Visitor: 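The structure under discussion is supplied below as structure tokens; questions concerning it will follow.
Treat the numbers as computed from the prediction; the structure is a model and nothing was measured.
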Amino acid sequence: KRYILDKYKDVKLIFCGDVGFQAPPFNKIGEQEAIEMNCEGFKKVIHHKKNYRFKCDKLISLIDKMRLMIDYGRPVWEINTLVRDTLIDNTITRDELKEMYKIDDMILSRSHSIKNDYTDLFNDMNKWYVIENTRKYKNGQIIIGDKPLEVKSVLQHAYTIHSIQGETARNKLFIDITKMYDGRILYTAISRAIKLDQIFLVK
């Protein structure tokens, strides 16, 4: 943020984000300590209250409760309990996921190792994650079907919650709830959904 503001002083810049609620940065990036995003340095900050992704009152209610708990600094176990209690009927095992998962669904996890386990589980299905930018493709794009030959991509069926920020899950959303040690991580995962009944917690 500081680099961009310093480099483009004569340009009108617009930043968009959910400061205080988005997934937190990792503790270190290489040798540099991570810095939490904040609103310092902006001439004007506008808070938008309406969310256009959510199409379900039950999901909106859960999201609002989670935001309040995060805002008031409630411990992660309380946020996890709220989510688990709300989705108790949509909590499944990994074996059940194997039966339910379709290629258009989204699986989210906290770590790369868990993400890779799910990709191994469904490695007979063609779903590709683009890892570079070209004129035709963008880094992070998901392609279902034949492997694109003109861009670097990897077989991938699950995604870390950090990597999927900004995306919308339009089919089933499976969230692996192991190693959920931060309420904002779980909030980011839950808020990819459109409706509550599409979310399944995998224990």
Side-chain angles (χ1 to χ4, degrees), residues 14-24 37 39 45-72 74 76 78-94 96-110 114-115 118-119 122 125 127-130 137-145 156-178 180 182-203:
I14 299 174
F15 285 65
C16 297
D18 199 4
V19 176
F21 297 95
Q22 61 199 25
M37 185 57 146
C39 294
V45 177
I46 300 172
H47 295 280
H48 294 278
K49 302 291 184 182
K50 184 170 177 60
N51 189 302
Y52 292 91
R53 176 179 289 134
F54 307 141
K55 309 296 182 188
C56 162
D57 289 340
K58 291 180 180 178
L59 177 58
I60 292 169
S61 175
L62 174 60
I63 288 294
D64 287 346
K65 289 174 185 174
M66 292 180 77
R67 288 182 73 91
L68 272 175
M69 294 173 83
I70 292 167
D71 204 26
Y72 283 103
R74 304 309 302 164
V76 64
E78 286 188 14
I79 299 171
N80 285 345
T81 299
L82 169 67
V83 170
R84 289 176 192 222
D85 288 349
T86 303
L87 289 162
I88 192 166
D89 293 331
N90 277 24
T91 301
I92 62 173
T93 64
R94 192 174 286 200
E96 289 173 309
L97 166 66
K98 286 167 66 176
E99 299 299 318
M100 295 173 64
Y101 176 72
K102 300 290 186 288
I103 200 164
D104 291 327
D105 297 333
M106 183 181 288
I107 304 172
L108 300 182
S109 74
R110 176 66 189 90
I114 297 171
K115 171 204 78 177
Y118 285 112
T119 294
F122 300 108
M125 301 167 73
K127 190 171 188 176
W128 308 94
Y129 187 73
V130 174
Y137 299 96
K138 65 172 184 171
N139 188 32
Q141 186 174 347
I142 299 166
I143 298 170
I144 295 171
Q156 197 164 320
H157 283 276
Y159 310 92
T160 64
I161 296 164
H162 270 94
S163 72
I164 217 72
Q165 293 183 91
E167 296 289 338
T168 299
R170 304 193 181 277
N171 298 296
K172 289 187 182 72
L173 173 63
F174 299 100
I175 302 171
D176 188 297
I177 53 174
T178 58
M180 283 290 178
D182 190 293
R184 287 160 55 189
I185 289 286
L186 185 54
Y187 168 81
T188 301
I190 293 287
S191 61
R192 299 309 92 211
I194 297 171
K195 296 182 178 181
L196 188 70
D197 62 7
Q198 77 184 98
I199 304 173
F200 293 85
L201 304 180
V202 185
K203 60 184 180 180

Visitor: Kindly indicate whether a cation-pi arrangement holds for Arg94 with Tyr118, taking the cut-offs as under 6.0 Å to the six-membered ring centre and within 45° of the axis.
Guide: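 Here Arg94 passes the 6.0 Å and 45° test against Tyr118.
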Visitor: Could you pull out the closest heavy-atom pair between Leu196 and Lys58, with the gap in Å?
Guide: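 For Leu196 versus Lys58, the nearest heavy atoms are CD2-CB, 3.8 Å.
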Visitor: Could you tell me which non-hydrogen atom of Lys195 sits nearest to which non-hydrogen atom of Gln198, and how far apart they are?
Guide: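 In terms of heavy atoms, the two residues are closest at N-OE1, 2.8 Å.
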Visitor: I need the Ile107 CD1 to Ile114 CD1 distance, nearest 0.5 Å.
Guide: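 Output value for this atom pair is 12.0 Å.
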Visitor: Checking side-chain contact (heavy atoms from CB on, under 4.5 Å) for the pair Ile190/Leu59: CA distance, chi angles, key distance, verdict?
Guide: CA-CA 9 Å; Ile190 293 287; Leu59 177 58; 3.9 Å; yes
Visitor: Does any part of the side chain of Arg192, heavy atoms only, come nearer than 4.5 Å to the side chain of Ile164, both counted from C-beta?
Guide: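 They are in side-chain contact.
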Visitor: For Tyr52, is there any backbone N or O sitting under 3.5 Å from a side-chain donor or acceptor partner on Lys55?
Guide: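 Yes: the side chain of Lys55 pairs with the backbone of Tyr52.
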Visitor: Please report the interatomic distance OG1(Thr93) to CG(Leu97), rounded to the nearest 0.5 Å.
Guide: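 The CG atom of Leu97 is 8.0 Å from OG1 of Thr93, to the nearest 0.5 Å.
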Visitor: Which atom pair, heavy atoms only, marks the closest approach of Met106 to Thr168?
Guide: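 Smallest interatomic distance, heavy atoms only, reads CE-O, 4.2 Å.
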Visitor: If you look at every heavy atom in Ile92 and Met100, which pair is closest and at what distance?
Guide: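 That would be CD1-SD, 3.9 Å.
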Visitor: Show your reasoning for whether side-chain contact (heavy atoms from CB on, under 4.5 Å) applies to Asp104 and Ile144.
Guide: CA-CA 8 Å; Asp104 291 327; Ile144 295 171; 3.1 Å; yes
Visitor: Is the shortest heavy-atom distance from the side chain of Ile79 to the side chain of Ile70 under 4.5 Å?
Guide: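 Contact flag for Ile79/Ile70 side chains = yes.
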Visitor: Answer whether the closest heavy-atom distance between the side chains of Leu108 and Asp176 falls below 4.5 Å.
Guide: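 Sidechains of Asp176 and Leu108: no contact.
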Visitor: Does any part of the side chain of Met180, heavy atoms only, come nearer than 4.5 Å to the side chain of Ile185, both counted from C-beta?
Guide: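 Yes, side chains in contact.
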Visitor: Between Lys127 and His157, is there a donor-acceptor pair closer than 3.5 Å when you use the side chain of the first and the backbone of the second?
Guide: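 Checking the backbone N and O of His157 against the side chain of Lys127, no donor-acceptor pair under 3.5 Å is found.
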Visitor: Let's go through Tyr187 and Val83 carefully: what are the C-alpha distance in whole Å and the side-chain angles of both, what is the deciding distance for side-chain contact (heavy atoms from CB on, under 4.5 Å) to 0.1 Å, and is it a yes or a no?
Guide: CA-CA 9 Å; Tyr187 168 81; Val83 170; over 6 Å; no
Visitor: Does any N or O in the side chain of Asp85 come within less than 3.5 Å of the main-chain N or O of Leu82, such that one atom is a donor and the other an acceptor?
Guide: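 No, because the side chain of Asp85 does not come within donor-acceptor range (under 3.5 Å) of the backbone of Leu82.
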Visitor: Side-chain contact test, heavy atoms from C-beta onward, threshold under 4.5 Å: evaluate it for Cys39 versus Phe15 and give yes or no.
Guide: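 No, side chains not in contact.
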Visitor: Measuring from atom OG1 of Thr178 to atom CG of Leu201, what distance do you get when rounded to the nearest 0.5 angstrom?
Guide: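 Here the rounded value is 11.5 Å.
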Visitor: Between Arg53 and Glu167, what is the shortest heavy-atom contact and its length?
Guide: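 Closest pair (atom of Arg53, atom of Glu167, distance): NH2-O, 3.5 Å.
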Visitor: When you measure from the side chain of His162 to the backbone of Pro24, do you find a donor-acceptor pair of N or O atoms at a distance under 3.5 Å?
Guide: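 Pair found, side chain donor or acceptor close to backbone of Pro24.
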Visitor: What's the separation between atom CG in Asn139 and atom OH in Tyr137, rounded to the nearest 0.5 Å?
Guide: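 OH of Tyr137 is found 14.0 Å from CG of Asn139.
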Visitor: Without swapping roles, check the side chain of Glu99 against the backbone of Glu96 for a donor-acceptor pair under 3.5 Å.
Guide: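 No, Glu99 side chain to Glu96 backbone: no donor-acceptor pair under 3.5 Å.
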Visitor: Tell me whether the rings of Tyr129 and Tyr159 are parallel (<30°), tilted (30 to 60°) or perpendicular (>60°).
Guide: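 Tilted, since the angle between the ring planes falls between 30° and 60°.
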Visitor: Nearest 0.5 Å, what's the OG-CG distance between Ser191 and Asp18?
Guide: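 Atom-to-atom, Ser191:OG and Asp18:CG are 7.5 Å apart.
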Visitor: Taking the side chain from Arg184 and the backbone from Gln22, do they hold a donor-acceptor pair closer than 3.5 Å?
Guide: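 Yes, Arg184 side chain to Gln22 backbone: donor-acceptor pair under 3.5 Å.
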Visitor: Would you confirm whether Asn90, through its side chain, and Phe200, through its main-chain N or O, come within 3.5 Å as a donor-acceptor pair?
Guide: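 Not a single qualifying donor-acceptor pair exists.
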Visitor: About how many Å separate CD1 of Ile46 and SG of Cys16, when rounded to the nearest 0.5 Å?
Guide: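 CD1 of Ile46 is found 10.0 Å from SG of Cys16.
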Visitor: Contact between Ile194 and Leu173 at the side-chain level, heavy atoms closer than 4.5 Å - yes or no?
Guide: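 No; the side chains remain at least 4.5 Å from each other.
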Visitor: So which heavy atom on Ile199 is nearest to which on Ile175, and how close?
Guide: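 For Ile199 and Ile175, the tightest heavy-atom pair comes out as CG2-CD1, 3.9 Å.
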Visitor: Using only atom types and a distance under 3.5 Å, with no angle test, would you say the side chain of Ser61 pairs donor to acceptor with the backbone of Asp57?
Guide: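 Absent.
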Visitor: Any side-chain heavy-atom pair from Arg84 and Ile88 closer than 4.5 angstrom?
Guide: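 SC-SC contact between Arg84 and Ile88 ruled out.
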Visitor: Does a side-chain heavy-atom distance below 4.5 Å link Gln156 with Trp128?
Guide: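 Not in contact.
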